[in-house]
Amino acid sequence: MTSYDSGDNFASAAMMRILALGFKQEWIHFDVPSSKGARVPIQEKRRVLDEVVTRLGPVSLLRVSDAVRKLPPEPLAQALLKAKTVEDLHRRWTRMEAYTHGRHRLHFEAKAQGKYVLHHQANSGSVLPAQSETLLVVGVLTNLMEMVSTAPVEVATLRGQVWRQNETWFPPAEPADDRRVILQVSEVPAVPRQAGASVGEPTEITARIRSLLAADPLRRWYLSEVAEELCLSQRSLQRHLAKQATTFSRLIADTRLQCAAKLLCEEPGRGLAEVGFLSGYSDQAHFTRSFSRHVGLSPQAYRNNV
């Protein structure tokens, strides 16, 4: 086992930023392991988390996770929080884990309306996550779910011990059963969907589509969704795009390239894997291959030459 998470694990680095901010807010004096690029030393991270649990109790890590609500604006958190539903948030989280090839992953299982079982698992060939790691991950995800759903989330173990209720954390008297917990999202009244604006000329329609895609490149866009947003049938939208000698898939590809180029130029400290993920690519190989084919330079070469 190496000293670092495999791959460019920007998600782990983001967790450490949340941890550092949470420690500051809770007046907890611990040195948070610094990232090397987008990588974070595994043993150092575990040492700090385990020491916090030993000295201050497991509830301290859950409370620290609330810092995600006050995290300074950063693309990764914003990309996750653009989720329209809790299910959409789960898809984005799973996609992030797959992209970073981390040691651990969260398995989401929907049991009923608003009720989910989360299982913090090890990927093949990796060791099980420490209980302290599970506490931090569950805490962060719970906060994100509350922010997306705008409703309180109750967290409990499979045996029924409540960890969170009415936006308050309670000291866990027992570890999570096999690192599994139940999350129950409170019901909130449905918000009526606002009708989209009326359509305009083909050039205007294309510009509006580009704007929609650029606002959330991580989202898995479908032609039907965009057509509904523009108050058009799918057939009419395809005809409009044909008049502009383009297609919906072409616009998605162009938007991803523009997003990636912007991040490469304006944020030289951001890792290439995070740039690809935030730009909507399915994996690092897809990002490098597509960017190189259309731009004529690899992402790294492009960054070095701008």
Side-chain angles (χ1 to χ4, degrees), residues 4-14 35-39 74-80 82-83 88 91-102 105 123 202-227 229-230 234-235 237-306:
Y4 302 95
D5 284 349
S6 61
D8 191 0
N9 200 337
F10 53 85
S12 187
S35 61
K36 297 182 179 181
R39 301 184 177 204
E74 64 168 68
L76 179 58
Q78 292 172 342
L80 293 173
K82 285 179 180 177
D88 186 14
R91 286 191 293 269
R92 290 168 188 247
W93 184 285
T94 300
R95 188 173 174 184
M96 175 185 70
E97 289 179 326
Y99 203 105
T100 58
H101 303 289
R105 63 187 177 90
N123 281 325
T203 52
E204 179 186 346
I205 293 170
T206 304
R208 287 170 58 193
I209 294 173
R210 289 183 184 275
S211 179
L212 280 173
L213 300 179
D216 190 4
L218 187 59
R219 180 175 172 181
R220 298 200 176 194
W221 288 97
Y222 295 96
L223 181 68
S224 58
E225 296 173 332
V226 174
E229 188 74 26
L230 299 178
Q234 293 186 53
R235 203 171 191 79
L237 181 54
Q238 288 173 321
R239 284 198 296 267
H240 280 298
L241 293 177
K243 291 179 181 178
Q244 296 297 304
T246 190
T247 63
F248 185 60
S249 59
R250 179 71 261 166
L251 291 180
I252 291 177
D254 288 348
T255 301
R256 287 174 178 166
L257 282 172
Q258 291 165 6
C259 178
K262 186 173 186 292
L263 288 171
L264 289 169
C265 292
E266 298 179 2
E267 301 191 33
R270 195 168 297 282
L272 295 180
E274 188 172 5
V275 169
F277 173 74
L278 294 173
S279 301
Y281 292 94
S282 57
D283 55 51
Q284 187 66 13
H286 178 211
F287 169 42
T288 301
R289 185 171 57 251
S290 180
F291 193 93
S292 301
R293 183 172 66 251
H294 289 93
V295 179
L297 294 171
S298 70
Q300 185 61 61
Y302 179 85
R303 171 176 273 173
N304 293 340
N305 283 273
V306 294

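Predicted, not measured: the structure shown is a model, and the values here were computed from it.
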- Note on the structure: Of all heavy-atom pairs linking Phe248 and Ile209, the shortest is CE1-CG2, 4.3 Å
- Query: Should the pair Phe291 and Tyr302 be assigned to parallel (<30°), tilted (30 to 60°) or perpendicular (>60°) ring geometry?
  - Reply: perpendicular
- Separation between OG1 (Thr100) and CZ (Phe277), nearest 0.5 Å, reads 8.5 Å
- Item | Interatomic spacing from CG in Leu278 to CD in Gln78 - rounded to 0.5 Å | 9.5 Å
- Item | Nearest-0.5 Å distance, CD of residue Glu225 to CZ of residue Arg220 | 12.0 Å
- Query: So how far is it from Tyr99 OH to Arg92 CZ, rounded to the nearest 0.5 Å?
  - Reply: 15.5 Å
- Would you please test Leu241 and Thr246 for side chain to side chain contact (heavy atoms under 4.5 Å, CB included) and show each step? CA-CA 5 Å; Leu241 293 177; Thr246 190; 4.1 Å; yes
What donor-acceptor contacts under 3.5 angstrom involve side-chain atoms of residues 252-270, with partners at least two apart or in another chain?
| from | atom 1 | to | atom 2 | distance (Å) |
| --- | --- | --- | --- | --- |
| Asp254 | OD1 | Arg250 | NE | 3.0 |
| Asp254 | OD1 | Arg250 | NH2 | 2.8 |
| Thr255 | OG1 | Leu251 | O | 2.8 |
| Arg256 | NE | Gly280 | O | 3.3 |
| Arg256 | NH2 | Gly280 | O | 3.4 |
| Lys262 | NZ | Glu266 | OE1 | 3.0 |
| Glu267 | OE1 | Arg270 | NE | 2.5 |
| Glu267 | OE1 | Arg270 | NH2 | 2.6 |
| Arg270 | NH1 | Glu274 | OE1 | 3.3 |
| Arg270 | NH1 | Glu274 | OE2 | 2.8 |

- Query: About how many Å separate CZ of Phe287 and OG of Ser298, when rounded to the nearest 0.5 Å?
  - Reply: 9.0 Å
- Query: Got a donor-acceptor contact below 3.5 angstrom from the Trp221 side chain to the Asp216 backbone?
  - Reply: yes
- Query: Shortest non-hydrogen contact from Lys82 to Asp88?
  - Reply: O-OD2, 4.5 Å
- Is it the case that more than 12 heavy atoms not belonging to Arg293 sit under 6.0 Å from its CZ atom? yes
- Message: Quick check: do Leu230 and His240 have side-chain heavy atoms less than 4.5 Å from each other?
- Response: no
- Tightest non-hydrogen contact, residues Leu76 and Ala11, listed as CD2-CA, 4.2 Å
- Query: Do any N or O atoms from the side chain of Thr288 and from the backbone of Gln284 form a donor-acceptor pair under 3.5 angstrom?
  - Reply: yes
- Query: So how far is it from Thr206 OG1 to Lys243 NZ, rounded to the nearest 0.5 Å?
  - Reply: 11.0 Å
